[in-house]
Each structure stands twice: as C-alpha cells, then as structure tokens.
2 protein chains.
Amino acid sequence: MTEGNGSDAGAEPMRWNGWGDPARARELPFSVRALLPLLLGRVRRPEPAIGLDDVRVAPSALNADDLAAFTAAVATGHVDISHEARIRHAGGRSTPDLLRRRQHEQQVPDAVLRPGTHEEVQASLAAATDRGIAVIPFGGGTSVVGALDPERGAHRAVVSLDLRRLSGLLRLDETGGEAVLAAGTTGPDAEALLSAHGFELGHFPQSFRYATIGGFAAARSSGQNSAGYGRFDTMVTGLRVATPTGDIELGRSPGSAAGPDLMRVFLGSEGIFGVITEVKVRVHPIPQDRVFESWSFPDFASGAEGLRHVAQNGAGPTVIRLSDEAETAVSLAQLGKVGKALAKGASVVTVYEGENIAERRASTAARLVAAGGTSAGQGAAEDWLSGRFDGPYLRDSLLDAGVFCETLETATTWSNLQTLRAAVETALREGFADAGAKSYVMCHVSHIYPTGASLYFTVLAGIRTDPLAAWAPVKARANDAIIAAGGTISHHHAVGRDHAPWLAQEIGETGIRILTAIKRELDPHGIMNPGAVIPTAAVRADGD
Amino acid sequence: MTEGNGSDAGAEPMRWNGWGDPARARELPFSVRALLPLLLGRVRRPEPAIGLDDVRVAPSALNADDLAAFTAAVATGHVDISHEARIRHAGGRSTPDLLRRRQHEQQVPDAVLRPGTHEEVQASLAAATDRGIAVIPFGGGTSVVGALDPERGAHRAVVSLDLRRLSGLLRLDETGGEAVLAAGTTGPDAEALLSAHGFELGHFPQSFRYATIGGFAAARSSGQNSAGYGRFDTMVTGLRVATPTGDIELGRSPGSAAGPDLMRVFLGSEGIFGVITEVKVRVHPIPQDRVFESWSFPDFASGAEGLRHVAQNGAGPTVIRLSDEAETAVSLAQLGKVGKALAKGASVVTVYEGENIAERRASTAARLVAAGGTSAGQGAAEDWLSGRFDGPYLRDSLLDAGVFCETLETATTWSNLQTLRAAVETALREGFADAGAKSYVMCHVSHIYPTGASLYFTVLAGIRTDPLAAWAPVKARANDAIIAAGGTISHHHAVGRDHAPWLAQEIGETGIRILTAIKRELDPHGIMNPGAVIPTAAVRADGD
C-alpha cells in the first residue's frame, strides 16, 4: 500500500471538480451571456469552486489488516488512501455531483484500489468479500446517475476499484472484425490502438474522451454514431467478468440459441454483480469518406416524422440528430448567430461514413424533404461535429455563472414521442416554477430505431435558492412523468442510484426479483456497488 | 374436464408421427432413390409406422382433484386426457422423436391443458404449483431438441400446456411498425393477420407452417430471411410472461439503459421460468418486389469468403445461403439433374426484398464475384424458395425407406468457420463409421453476421442396427466436437433436453448458477419444463 499521487493512470487528467481537461475549459460566448438573463432572469451567486485541499473528508475506515489484504490483492503501490485519490473517486459527473464538489465536507471512498490484471480484480473482490467491505467499480468516472457514489450499504467501509490500469488491445481478429479490449481502456486509447491496424470501434458518447470500454458495457452506452454502428450493447460480442463467487466468459458465437443470452445480464449491470474485465467488440475498417449535411424543419414534429421514415427504411446516415426549436436557437446563439436564433424551426444534422454514401444520402434526403425538410448545407453539421464533446465544458461555465444546467433522457415509440416530450417538458417547467425558478428546456433526438427514438433534454434554470435542494424534486417529477407517459427511465445514462427508485415501475416487481436473485447468487454478501440499480430495500440484508 | 378429440386448435392438423400435413407428404425422387445405395450402401428395413391406436401409454396419473383444479383453471372442455391428445403432445419432431413414435410403448403427458387467455395460463401454473405437477409449455410442437419431452422431474405427474388457443393480433402500431401477437399464433396465422393491414413479420424458419410466435421467442429462432430482418430475438420488442410466482411485462422503449435487458432472460428460456403469453415484434410493410439470383463457387471455402464480405459491408440480400459441395450435389439430384451433380462446386442462393434492391444486388454481386462466384441465373433460387418448407417431409420419406436423416447446427466466427466445419464433419463421419454405418454429411451456411456465421449439417446414414441407439453416441461426439472447436451448442435449434448436458461447457458453471438462481426465484418448486436447458443436477431438488 502506498499513498499515491491520485493521478488518473491511462487518461489525460480530468478536473477533480468539473469536466475534463482544464486547458479545454470554455468561456461562455458573449451571445449566450447576453441571452441568459432574458431566458432565466436574475440568478443566484453560485457557491464558489474550492481547492482540493479545502475539502474535509472522514479518515479512511480501513484498518491495517484491510490495507494488508488489499495490498496482497493488487500489486504494491496500487492501494491509495491519499486525500486526492479519495476525493477524485467520490462520484461521477452529474450536475449534483459537481455541486457537491463545491462543498467543504464530502463523502469519499475509504481507499482507491488499482488492479492491473483480471486476477488482481478477482483477488480484490475476494479480499473485500472476506473483510465485508463494499466495492464501487470505477472506469472513467463519467457516470451522471450516481453509479459511483461511495455508498457502503450495510458494510463498514467502501473502496473504489479504479479499473484504468486494465488497458489495452488484447486480441484483434481482422478477418472477423472483432477486438478484445481490456475494460479500463478509454475511448481515445481504444481508437488509437485499433487505428494502428486500420480499424475503428466508432462509439462516441459525449463522455468518449474519458469513459472506458468496460463502462460503456456496464452502462449500456449509446453513442453519436449509433445510427450507423449500433448501441454499445449491440456492438459487444463477448465479455469476461469477475464476480465475488466466480468468473464467467461469454460470447462464443455471433448468434446463438444456447439458452438466454447471459451477456445481457452483465450489459447494464453497472457493477452490481461483478466487474467486467474484458470486452469483445465488433470493429470496422476506418471509414475513408465522411459527408455532412444539415437540414431545417418547420418544427420538431415534422423533423421527427422525417427521422422516423429514415429509421424505418434501411441504410441511412451514420449520425442523425434532431434539435427542437429551443435547442436550435441556443445552438445558433452559441455560434454568435443571435439574430437568426429563435426563428429557425428545428434543425437536423446528418453525417455519412462508410459504404454507399451517395445512395444513402439520396434516399435519406428524399425522406427528409417529403417530411418538410430543407437542406441547409454542411456548415451546421460540421460545427456540431467539432464541438460534440464540449457540452460538459459549457456546463462548467454555466455553473460558474450561477446558472443551473443538467441533462436527462428517455426513449419511446414513434407513436408516443410527442406525448412523452410534452409530459417531460411540462414536468421540468412546472417543477422549476414551483421552486420559483425560470427555466429553459431544450430537447433533441439523437438515437433512432425502426420502432421509436430517444429524447434528450437539456435544462437551464435560474435557481435562486440551494440548487441541489431545488433540483431533487424537479428531477423526481420528470422521472414520474417519464414513467407515467410510457418512457424508459433511461435510454443511455443508465440507472445508478439516481434512477433506482423508478426501476420497479419499469420492469415490475418480478423484474426486481430477477435482478435480486442474480445478485444474491453472484454477490451473496452484497459488496458490489450497493444501492445501485436495485433499490436498497429489495436486496436481502446479508451484511457480513 | 373433457375427453377431447385431440385436434390441434388453430393450426392445420399435423401428422402425429411425422411432419406436417399428410397431403403434402413427398415421395423420394427417383434420382435420389438411385443415389442412396451408392452413398450409404444397404440399409436396414425400418421399424414400420404404427397406428395411433396401437400405441400403449400409462394411464393418466392425474386424480379427480387434479382434474377439477385444472378444469377450474382453464375453461371447461380444455383439459384433455384423451389417448390421442396425450400422444400428440409426447414430444417434438427430432428424428429420435419420430423414431420413438414408431414404438408401441410411449411416454406421454398425463393431460393436455389448453388455456385460452393469459389469466388461464396463470391459473394453470398456480394449480400445477399447488398440486406439485410439472408443466411442459407446448406451441407448435416442432422442437427438435427434446424441449417437449413429458419429463416430470421430481413431480408425480406432468401436463402439456398447449398454447395454441392464445392466438391473434392483439395490437398493431402502424406508425411505429410494432405488433403484439398472442404467443400461440402460428407463423401463417400471424402473417395472415398482419397482411390484412399491409404488414409482414418476415420470420420463416423451416418450422414456419406450424411453429408459434411464442415458440420463436422461447427458442431464439432464426429464419430464412434473418439476413434481412434479423434473428427473432432481435425482432422482439416486448414480452408478457406468466411465471409460477408472478407476471412480468417488458419492452417499454426501443432502446434502454434501464439495467440489464430482462427480455433476454426469457428469450431462449424454453419455458423453464414461465410461459410467454404475448410477444411484441417489429413488423414491416409487405415488400413489393422480390428478386432471385443463384451463384456457383468453386468450393465451400470461397463461397464462405464471399458471404463474409457481404455480411461485413452493409445492406445485402434478404436471404443468403451457401450449400457445400455435398449439399449442392444432392439438391441437384433432387431436381433430377444427376448428371450435373457431384461436380458443381458450392452453390449460393440470394433473394432480395424491399428497398434499393438494385443497389444491394449490385454491391453483393461485386463481392461474390471478387470471391470467385459466378452468377447462375435465378432458377436454383426459385427452386429453393418453392421447396424451402419441405425438407422435413423428405426426412419422413427417408425414414420410411430405412435411411437415417437428422440435422444439427452451430455457429462461430468467420476465422474459425472452416475449422469448426471440419471438426463436426469428422465427428459425424467417424461416429457413424464406428457404428458400422456409411454416412453422407452435407453442410450449409444460412445465417451470416459481420463477425461470423452459422453452420447447418444434414446427415444421412445407412444404419443397420437400432437407429436410436446408434445415433446417440454420434450426436454426443458431434456436440463434443462443436464445443472443443469453439462453436455454440446451438445457433437456432435451442437447448431443450438434448443439448443441456453441453450447456455448462458453453456458459460455464457461473452461467448455470445464474440460470438456476433465476429459476429458483420464479419457479421455486421446479414445475416448469424440468430437465430442459439447465441440466437436472444443477437444479436444487425442491420437489414436493
């Protein structure tokens, strides 16, 4: 055991109390600063950001025997109880997470373990089971649903299991287009390793620069190119998982009827059953060409109708994304085009990569035109692409300016899309109004399927009281509205602790019983990520 | 309770001891009859088919209280203990099943229940749980893996739960392209109901004429058009399931990250957790055009390379199927083209439906030509299509002629395809040789994926001893070879009882523990399809 320096091995360092690389932080454009008071009225002066050394945490609850056991499990130097490491593993990157990082007293794990091999993960879980210590698997640290909260459950201590030393391209089958990646490999590292062989994974969620392959799998991520390459859960062809009571390797064949597909038990399990250590994924040759085209629609409904016809009619774009009127206006404002804002209808961005671009573009264009779309050149699509990973930086700047900013998302059938959108928007608007805050709600569709689509909401609010306290009931109201209007509690952010209280309404009590039965079997002492996914009340308190 | 007439409600009557409609039975073509002695030598005179009245079965083990309880569960007239009904539900349609139908003593269920609603299924499971009676869910009766064997496990009786009265199109969302079908709806009934609205499901396994929608889901079926419309498990967007301890409804949205996808727990569960009563599926407008094209390749390996490039490069055919040299020769012989047989290399059939046929055909053709293919016109593809559901009739004729005929299938990566094919062929050939039988092994690829493909074997053998006894060790040897060579124990026939002993080698002991934990939770008394999927030894014997 050593007191390490808290650096994030294998990734460029991320701000401990905000998003990403401090060097990339973005100032709010003047045009946006000018717009905000019009939209949100006066805002409260925010809690100022504080220094890492100003944070007070409880002493580590681990005793010398615990530390010795964990040090025996992982190589020397990879059990870290430093102030910085513990704070850096205190949670994810939701807006509440970031607001909590501005507080002087913070909840943190009792140590950070950094296993370097599958066997060290096994040994870590065995030691934690023996000693009755909870384990929070930690990849890129980008969860926005509370999946990384240092919750100890019924246990006397909790450790964060940082998986980023499990990094690398373990195998590549160029004939079959399959790669096995260590679970802690970050998005950029995976792409760099594959590109050396001419291949690409092509999974680009907004968290891409920091999130890990194992995290994509554990949280059922969906990326910006999912229209072309599929959701991450459909890209995965194999998994290796260490659980507290045994290993499992899955994915012998591309299609199978050998009983239920048990990979699906672990995809979306968010660390409650065990730790994904290796992920086999479908990869494709790096596309040679890329074509952009933007579209303008009179309104969100006609744009959605265009997207539906594209989704239901074979090969379309690699990326397709529809912003509603409110998001279109703010996007234009960000680009300094305030004059054009607020009167531009709904915009659609399309990007084409790979085979048969001309045919796919022509058939997509025909469908978008039929739905009322007008081609708007390639500029807006290129602008979107260049800034597509920067949204979280903008949120940091908004928070610094006292503006509350958060996102949430869901999905439903095409038939129910407008109803669900209206229900969530109403819940958000009325929720903030009840808290005395003006709000501005934007929505986009970024993932389409033949039978339906996702809805992604970004909300800005001028909260004049404690934003953490004000947001909780608004978020609960939005979740209630999602469930009541037939949406899923999450399309790609996952469940974590924040959505767990709503999961039973989506999968029923029988569904919760299935998850609980699997957890009891694989993790009989309940050490794995307690409180995540399955509401705590549903898990039998075995304790230790 | 009544003694019914044993007819199969909702489907055209199927031969009780063979395949399908007696009126469609096919004579062996003269050319095939001429070929068989050359391939297989002299064969044994088969056990003759017997009449239904000649079969002896044990009296039903159900007592008056049992019958009263089941009659209270399903409507009067739908508890059937007739000789005919019990024999008609004695198993599926594997070759061993058909050979057993030629025996004078047969194992049969103690009764057949025919629930007409979801609630009657619930009530049936409740009565069976109360009374400690095993339940075998029964759809079209087309299992070829022993999933329908009347095994009572630790229980004192076993009933077959015939689901074909659960038939109909319950809901259709034309905007989203989703239909909810009752689980007992047969393939033809589903297509007829959908076509009235201009839609098609497009799932055509060889069992299509008899199998049910719920069976497709429970067994993870794959159909002849799966290249175009996907495996059945990827077409399903929702499920309603009755288990002995509660219901579950799944499938709120087209994509979700709301924890693990629990639909996947029931897809492939083959009735061991409960009974699927409703299935929501993706449907598409009936395609207007259909184009056929056949191809000839020098050999199987070059044909497989052509299919790989088609699978890895976007939109291709709706159907694509590669027959090896042996299957190509016999197909030609069936068509009376004996002169051309045995010297024609490997044939590929393609069918295109739906959008952009010209573009898809052109890009597919370019890839097949590059791999060494030569276009062979449309005749062979049309011949294949017209006879595609008739293979099982041919098997009946072969069995009547004393020729053993059975199929088995697997899948693997493109990189491993030739190795797996050789391993399975060797196991089959050597297995039969050890039994003193000449054999003829044919293979085709009927399902392709970017990362790999299925392998489907048809074996003919001239067995001169008891064919049931001779086949068992050959089949075991083939299964061992599949596992040793990295294949899946089933690509689309499922596990049933026949493959259960091999499942642990595919999903590991941890995988078996997961399935067992789910079963214990949902079916604590183990009444559901005992012995299927999970090897019996793995299930805690609760009995009663």
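As a basis for the values below, the full set of heavy atoms in this structure was taken, side chains included, without hydrogen atoms, waters or symmetry mates. Source: prediction; values computed, not measured. Residue numbers begin at 1 in each chain, while the letters A, B, ... track the order of the sequences.
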J.: To the nearest 0.5 Å, how far apart are CZ in A/Phe273 and CD1 in B/Ile514?
T.: 8.0 Å

J.: Looking at A/Asp247, A/Asn356, A/Val145, A/Leu503, which makes the most heavy-atom pairs under 4.5 Å with chain B?
T.: A/Asp247

J.: Find the one option among B/Ser222, B/Gly251, B/Ser269, B/Gly268 whose heavy-atom pairs under 4.5 Å with chain A are most numerous.
T.: B/Gly268

J.: Could you tell me which of A/Ala258, A/Ser226, A/Gly508 has the largest number of non-hydrogen atom pairs under 4.5 Å with chain B?
T.: A/Ala258

J.: For A/Pro260, run the side chain to side chain contact (heavy atoms under 4.5 Å, CB included) check against B/Ile518, B/Leu515, B/Leu267, B/Val495 and tell me which one passes.
T.: B/Leu515

J.: Between B/Glu174, B/Glu270, B/Arg231, which has the largest tally of heavy atom pairs under 4.5 Å with chain A?
T.: B/Arg231

J.: If I take atom CG from residue A/Leu455 and atom OG from residue B/Ser253, how far apart are they, to the nearest 0.5 angstrom?
T.: 10.0 Å

J.: Between the side chain of B/Thr510 and the main-chain N/O of A/Ile248, is any donor-acceptor distance below 3.5 Å?
T.: no

J.: Just so I understand: if I count every heavy-atom pair under 4.5 Å between each of A/Leu522, A/Asn416, A/Thr451, A/Thr234 and chain B, which residue has the most?
T.: A/Thr451

J.: Check step by step if side chain to side chain contact (heavy atoms under 4.5 Å, CB included) holds for B/Asp261 and A/Asp233.
T.: CA-CA 10 Å; B/Asp261 182 358; A/Asp233 50 16; over 6 Å; no

J.: I'd like to know if the side chain of B/Thr488 and the backbone of A/Ser256 have a donor-acceptor N/O pair within less than 3.5 Å.
T.: no

J.: Mind listing the closest non-hydrogen atom pair of B/Ala453 and A/Pro254 along with its distance?
T.: N-CG, 3.7 Å

J.: Could you tell me which portion of A/Glu509 (side chain, backbone, both or neither) has an atom closer than 4.5 angstrom to a non-hydrogen atom of chain B?
T.: neither

J.: Contact part of B/Glu521 toward chain A, heavy-atom cut-off under 4.5 Å: side chain, backbone, both or neither?
T.: both

J.: Could you walk me through whether A/Thr245 and B/Arg513 pass the side-chain hydrogen bond (donor to acceptor under 3.5 Å, both in side chains) check?
T.: CA-CA 10 Å; A/Thr245 58; B/Arg513 285 172 48 219; 2.7 Å; yes

J.: Select, from B/Gly246, B/Ala500, B/Gly259, B/Ala494, the one with the greatest count of heavy-atom pairs under 4.5 Å involving chain A.
T.: B/Gly259

J.: Walk me through whether B/Thr413 and A/Glu178 qualify under side chain to side chain contact (heavy atoms under 4.5 Å, CB included).
T.: CA-CA 9 Å; B/Thr413 59; A/Glu178 276 186 317; 3.4 Å; yes

J.: At a heavy-atom separation under 4.5 Å, does B/His491 approach chain A through its side chain, its backbone, both, or neither?
T.: both

J.: Okay, side chain of A/Gln312, backbone of B/Thr175: is any donor-acceptor separation there less than 3.5 Å?
T.: yes

J.: What part of A/Ile483 gets within 4.5 angstrom of chain B, counting heavy atoms only: side chain, backbone, both, or neither?
T.: both

J.: Can you tell which of B/Ala517, B/Ser415, B/Gly177, B/Gly255 has the highest number of heavy-atom pairs within less than 4.5 Å of chain A?
T.: B/Gly255

J.: Would you mind checking if A/Glu355 and B/Arg360 are paired as a salt bridge, meaning a charged N to carboxylate O distance below 4.0 Å?
T.: no

J.: At a heavy-atom separation under 4.5 Å, does B/Glu305 approach chain A through its side chain, its backbone, both, or neither?
T.: neither

J.: Can you give me the closest heavy-atom contact between B/His493 and A/Ala257, atom names plus distance?
T.: N-CB, 4.4 Å

J.: Tell me whether B/Arg252 contacts the main-chain N or O of A/Ile507 through its side chain, where contact means a donor paired with an acceptor under 3.5 Å.
T.: no

J.: Which answer fits B/Leu250, side chain, backbone, both or neither, if we ask what part of it has an atom under 4.5 Å from a heavy atom of chain A?
T.: side chain

J.: May I ask you to name which of A/Leu417, A/Asp173, A/Ile272 has the most heavy-atom pairs under 4.5 Å with chain B?
T.: A/Asp173

